[in-house]
Amino acid sequence: MLTLLTYPSGFGNFSNSAFCVKAAYLLALSGQPWKREDTLDPRKMPYGKLPVLRTKERLVADSDSIRLLLESQGADFESGLSDMQKAQSQALIRMAEDSWYFHLVLDRWGNDDVWPIVRDVYFGQIPAMLRRPITNNIRKSVRRGLNVQGITRFSERDRMGRIERDLQAIHTYLWQSPFLMGDKPTAADLSIAPMLDGMRTTPGQTLLSRRISQDKILTNYLDRVEQAIPLP
Ligand SMILES: N[C@@H](CCC(=O)N[C@@H](CS)C(=O)NCC(=O)O)C(=O)O
């Protein structure tokens with residue numbers, strides 16, 4: 001059986017990682033039997049990250065590669081889509097994974113009010129005495145990465161302005177159909193929805209979590225995706 005190596009669940013989501021939720025959605029839609037195995041330590045994984053799929057033969061690292069593997073075994077996450085829709089889908093996936101992801105990480109790891117709550121949920125398995133020193137180093141390195149990526153250099157106002165235009169683009173899709181590319185979830189939903197849901201469920205009140213959770217179009221969409229693809 002396929003085994004999804006994933007970060008544990010938290011804040012009401014299948015996993016604390018939007019990429020692990022995406023991988024779980026891919027597996028659920030593929031129709032293959034699979035199970036989850038939770039870990040907090042990705043250091044021995046091929047790219048030092050999760051999700052990773054363990055098959056009989058090997059470890060498949062990265063949600064995109066997991067998708068490719070499942071497609072090579074018969075899954076179709078874009079069934080019925082035109083070439084133009086597939087092209088749009090690819091662009092939406094990259095927007096979520098290569099841009100929105102950093103908003104989500106900044107909200108959870110960069111905000112001093114939110115971080116203690118995130119730390120105790122993400123790293124609850126580490127004894128309380130050790131948790132702070134261990135996680136402080138991880139946090140420092142995450143914040144360094146965010147600074148290199150550049151998102152921390154925007155003012156909150158500019159940052160929110162940038163993502164606002166992305167959210168308006170999603171609205172435009174959702175005015176047309178219940179899911180991004182039509183009447184059923186396809187590949188784009190499997191990346192966009194987990195990232196938005198991560199933003200929505202960030203604990204505490206951030207500008208971004210409030211922005212998403214007060215938006216009926218987006219929250220109804222997130223509920224539709226969750227109902228359409230039940231996860232264990
Ligand atoms: N491109 C990867 C991204 C996965 C990823 O960024 N995983 C993060 C958690 S959301 C991770 O494991 N980070 C650990 C680290 O960088 O040390 C995918 O699509 O699977």
Side-chain angles (χ1 to χ4, degrees), residues 2-30 34 36-55 58-72 75 77 89-111 114-115 118-119 121-126 134-152 186-203 208-209 231:
L2 299 171
T3 303
L4 180 65
L5 306 180
T6 172
Y7 291 109
S9 54
F11 308 122
N13 294 319
F14 168 87
S15 168
N16 289 319
S17 156
F19 290 102
C20 293
V21 179
K22 169 191 168 186
Y25 278 153
L26 287 166
L27 284 159
L29 285 185
S30 77
W34 63 283
R36 72 183 291 166
E37 189 176 303
D38 290 1
T39 172
L40 280 183
D41 186 1
R43 283 174 299 180
K44 295 212 173 88
M45 297 296 136
Y47 298 141
K49 289 179 181 242
L50 295 174
V52 167
L53 189 67
R54 190 194 297 128
T55 72
R58 62 191 174 104
L59 293 178
V60 182
D62 196 286
S63 62
D64 254 1
S65 308
I66 294 172
R67 174 181 168 181
L68 290 178
L69 174 84
L70 295 172
E71 286 175 337
S72 76
F77 304 108
S89 174
Q90 182 64 17
L92 288 174
I93 290 168
R94 292 296 178 228
M95 176 173 77
E97 298 186 4
D98 294 343
S99 174
W100 288 4
Y101 172 62
F102 297 101
H103 288 269
L104 177 54
V105 174
L106 177 55
D107 249 29
R108 290 191 173 191
W109 293 74
N111 182 317
V114 170
W115 168 246
V118 167
R119 178 192 60 212
V121 169
Y122 281 16
F123 300 102
Q125 293 170 14
I126 301 178
I134 291 177
T135 58
N136 276 352
N137 285 337
I138 304 175
R139 187 184 186 209
K140 264 191 210 137
S141 115
V142 169
R143 285 161 69 127
R144 263 198 307 274
L146 291 173
N147 197 45
V148 172
Q149 190 272 342
I151 195 161
T152 45
T186 56
D189 298 292
L190 311 189
S191 290
I192 292 281
M195 219 50 88
L196 284 177
D197 219 5
M199 294 172 195
R200 164 168 77 162
T201 54
T202 291
L208 189 55
S209 69
L231 293 177

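Heads up: numbering here begins at 1 and tracks the sequence. Just so you know, ligand 1 is whichever comes first in the structure, and atom 1 is the first atom listed for that ligand. What's counted below: heavy atoms across the whole structure, side chains too, no hydrogens, waters or symmetry copies.
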**Fill in**
If you scan protein heavy atoms around atom 6 (O) of ligand 1, the nearest is K49 NZ, 3.5 Å
**Asked** Hey, does L190 have a side-chain heavy atom less than 4.5 Å from the side chain of L29?
**Response** yes
**Request:** Quick one: pull up CG in D107 and CE in M199 and give me the separation to the nearest 0.5 Å.
**Result:** 8.0 Å
**Asked** Could you give the distance from CG (L27) to CG (L2), rounded to the nearest 0.5 Å?
**Response** 6.5 Å
**Prompt:** Would you say S63 has any N or O atom under 3.5 Å from an N or O of ligand 1, going by distance alone?
**Reply:** yes
**Distance, nearest 0.5 Å, that separates NE2 of H103 from OG1 of T202** = 12.5 Å
**Request:** Identify, for atom 1 (N) of ligand 1, the protein heavy atom at the shortest distance, and state residue, atom and that distance.
**Result:** D62 OD2, 2.8 Å
**Prompt:** Is Y47 in contact with ligand 1, taking contact as a heavy-atom separation below 4.0 Å?
**Reply:** no
**Request:** For ligand 1, find out whether one of its N or O atoms is nearer than 3.5 Å to an N or O atom of K22.
**Result:** no
**Request:** Give a yes or no on whether the backbone of F14 and the side-chain of R36 come within a donor-acceptor separation of less than 3.5 Å.
**Result:** yes
**Request:** Would you mind checking if R67 and D64 are paired as a salt bridge, meaning a charged N to carboxylate O distance below 4.0 Å?
**Result:** no
**Nearest-neighbour protein heavy atom for atom 14 (C) of ligand 1, which is reported as residue plus atom name and distance** = Y7 OH, 3.4 Å
**Request:** Could you list which atoms of ligand 1 come closer than 4.0 Å to a heavy atom of P51?
**Result:** 20 (O)
**Asked** For atom 17 (O) of ligand 1, what is the nearest protein heavy atom, given as residue, atom name and distance?
**Response** G48 O, 3.7 Å
**Request:** Considering only non-hydrogen protein atoms, determine which one is nearest to atom 10 (S) of ligand 1 and report residue, atom name and distance to 0.1 Å.
**Result:** S17 OG, 3.2 Å
**Prompt:** Within the structure, does L50 bring an N/O atom to less than 3.5 angstrom of an N/O atom in ligand 1?
**Reply:** yes
**Residues L69, R58; criterion side chain to side chain contact (heavy atoms under 4.5 Å, CB included); working and verdict** = CA-CA 11 Å; L69 174 84; R58 62 191 174 104; 3.6 Å; yes
